[in-house]
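Hydrogens, waters and symmetry mates play no part in the numbers below; they use all other heavy atoms, side chains included. Please read all numbers here as calculations on a predicted model, not as lab measurements.
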Amino acid sequence: MMKKKLQRFLYHYLFPYAGLFLVRLLSATYRIRIVDPDNEQNILKAGGRLVYASWHQRFFPGITFFSSRKPIAIMISRSRDGEMAARAVNILGWRAVRGSSSHGGGQALETIKCLAGQGYRIGHIVDGPQGPFGTVKPGLIRIAQYAGLPIVPTIISGQNLWIFNSWDRFMVPKPFSRVIIRFGSPIHVPEDMGKGGFEQMQARLSHALNQLYENTDAVWQDDARIKEIFG
C-alpha cells in the first residue's frame, strides 16, 4: 500500500512538477524564431482546426511554446509513463486524451474529434512514444481522417544540442540556443483513400517531414540564413 502511494506521489506530483520547472527554466533562455508562419496562421484564421505533427526526438522546445496555442489536446498512451506525461500536460493547461492504437484508441479518436469541434488544436508525436524513430505511425493519419483535420508538419531545430542515448537520440537545445520552429504546408487526408491509399499517405507525410527537417537543420551551416532568420 505504501509503495503504491509513493509511486502515485512520484508520478502524479513530484516528477511532473519538477520536470516542468526545469523545462520552463531552460526554455526561457532560448532565442526562438518562427519560419513559414502562414502555413499555420492561415488555418487558424479560417477556424483553427488542425493537427501539429512532429517527431518525438525534437519536441522539447515545443513543450512550452505550444502552450501559446491553447486550447490544445494531445493523445497519450495509458501506460505508467503516459500517466506522468498526461499529468505534466494537464499542468501546462493542455488536454490529455488517453489512448493509443493498441488500447483505448477508438474512444480516444472520438474524444479528439469532439474536442476539435470545440476549437481545440491537436498535437501529435508521429513516431512516439517508443518508435521506431522517424516512422509515421497510423495514429496521425487516423486522427486527421476521422476528425477531418489538416496536418501541419511542425519542425523544431536547435543549434547547440544535448543528444541523449535513447531510442530516438532525443535532442534538447542547450541554454541560450537559437531554435527554429517551422510550419510546413498543410496536408489534407481524404475521407476515402482507396486501396493502398493509407500507405501512400504515410509515405507522403514521412517524405514531407524528412525534407523539412533536413532543410531546416541545414540552416546552422549557413551563416547567411542564420542572419536572415535571427538578425
Side-chain angles (χ1 to χ4, degrees), residues 1-34 51-104 108 111-112 115 120-134 137 139-140 154-182 213:
M1 181 66 71
M2 285 299 298
K3 183 179 180 180
K4 288 185 178 180
K5 287 183 178 180
L6 177 60
Q7 287 179 338
R8 180 176 177 81
F9 172 76
L10 292 175
Y11 279 86
H12 281 255
Y13 299 100
L14 181 61
F15 292 159
Y17 278 101
L20 282 177
F21 173 77
L22 293 175
V23 169
R24 286 169 166 156
L25 188 66
L26 183 54
S27 297
T29 71
Y30 294 155
R31 294 179 58 193
I32 294 176
R33 296 293 185 272
I34 301 175
V51 182
Y52 298 107
S54 184
W55 281 344
H56 184 275
Q57 181 194 64
R58 308 293 191 97
F59 78 83
F60 184 89
I63 294 172
T64 54
F65 174 82
F66 281 99
S67 291
S68 66
R69 269 41 180 187
K70 290 184 290 191
I72 186 168
I74 185 169
M75 190 182 293
I76 297 175
S77 74
R78 294 182 176 180
S79 65
R80 189 175 70 171
D81 287 343
E83 181 65 34
M84 185 171 66
R87 180 67 178 171
V89 161
N90 289 331
I91 294 169
L92 281 167
W94 298 22
R95 175 73 176 265
V97 179
R98 305 301 302 278
S100 65
S101 58
S102 60
H103 189 49
T111 302
I112 288 286
L115 290 173
Y120 276 74
R121 295 83 189 252
I122 309 302
H124 194 75
I125 305 301
V126 303
D127 57 350
Q130 295 181 336
F133 168 66
K137 290 185 174 180
L140 172 64
T154 305
I155 310 308
I156 302 175
S157 182
Q159 186 176 25
N160 299 304
L161 304 167
W162 285 308
I163 301 176
F164 292 80
N165 189 28
S166 61
W167 62 267
D168 62 346
R169 305 282 290 168
F170 191 74
M171 297 179 177
V172 175
K174 295 178 181 179
F176 306 101
S177 291
R178 295 184 179 102
V179 174
I180 293 171
I181 295 179
R182 183 178 185 182
Y213 274 114

Nearest heavy-atom pair of [X] and [Y]: which atoms, and what distance?
| X | Y | answer |
| --- | --- | --- |
| Ala73 | Val97 | CB-CG2, 4.4 Å |
| Ala53 | Val126 | CB-CG1, 3.7 Å |
| Ile72 | Phe66 | CG2-O, 4.0 Å |
| Gly158 | Pro173 | CA-CG, 4.4 Å |

Who pairs with [X] by side chain to side chain contact (heavy atoms under 4.5 Å, CB included), at least two apart in sequence or on another chain?
| X | result |
| --- | --- |
| Ala88 | Pro16, Leu20 |
| Ser27 | Val23, Tyr30, Phe60, Thr64 |
| Ile163 | Leu161, Arg169, Met171 |
| Pro175 | Leu26, Thr29, Trp162 |

As an exercise, state the distance from [atom1] of [X] to [atom2] of [Y], rounded to the nearest 0.5 Å.
| X | Y | atom1 | atom2 | result |
| --- | --- | --- | --- | --- |
| His124 | Thr154 | NE2 | OG1 | 12.0 Å |
| Met75 | Ile125 | CE | CD1 | 12.5 Å |
| Asp127 | Gln57 | CG | CD | 8.0 Å |
| Asn160 | Phe176 | CG | CZ | 12.5 Å |
| Leu140 | Ile122 | CG | CD1 | 11.5 Å |

Please identify each residue that fulfils salt bridge (charged side-chain N to carboxylate O under 4.0 Å, His left out) with [X], with sequence neighbours left out.
| X | result |
| --- | --- |
| Arg69 | Glu40 |
| Arg58 | Asp217 |
| Arg182 | Asp36 |

Donor-acceptor under 3.5 Å (Arg98 side chain, Ser77 main chain): yes
Set of residues satisfying side chain to side chain donor-acceptor pair (under 3.5 Å) with respect to Gln159, sequence neighbours excluded: Arg178
Among all residues two or more places apart in sequence or in another chain, which pass the side chain to side chain donor-acceptor pair (under 3.5 Å) test with Trp94? Ser67
Are Val179 and Ile156 side-chain neighbours, meaning at least one heavy-atom pair lies under 4.5 Å?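 A side-chain contact exists here, since the closest heavy-atom pair is under 4.5 Å.
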Can you tell if the side chain of Tyr120 reaches within under 4.5 Å of the side chain of Thr111, non-hydrogen atoms only?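 Heavy-atom side-chain distance check fails, nothing below 4.5 Å.
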Name all residues meeting the ring pair (Phe, Tyr, Trp, His ring centres under 6.0 Å) criterion together with Phe133; count only those two or more places apart in sequence or in a different chain, and write none if there are none. Trp55
Listed partners of His56 passing ring pair (Phe, Tyr, Trp, His ring centres under 6.0 Å), at least two apart: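 Only Phe59, Trp167, Phe170 meet the ring pair (Phe, Tyr, Trp, His ring centres under 6.0 Å) criterion with His56.
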Can Arg24 and Leu92 be said to form a side-chain contact (heavy atoms from CB on, under 4.5 Å), step by step? CA-CA 10 Å; Arg24 286 169 166 156; Leu92 281 167; 3.7 Å; yes
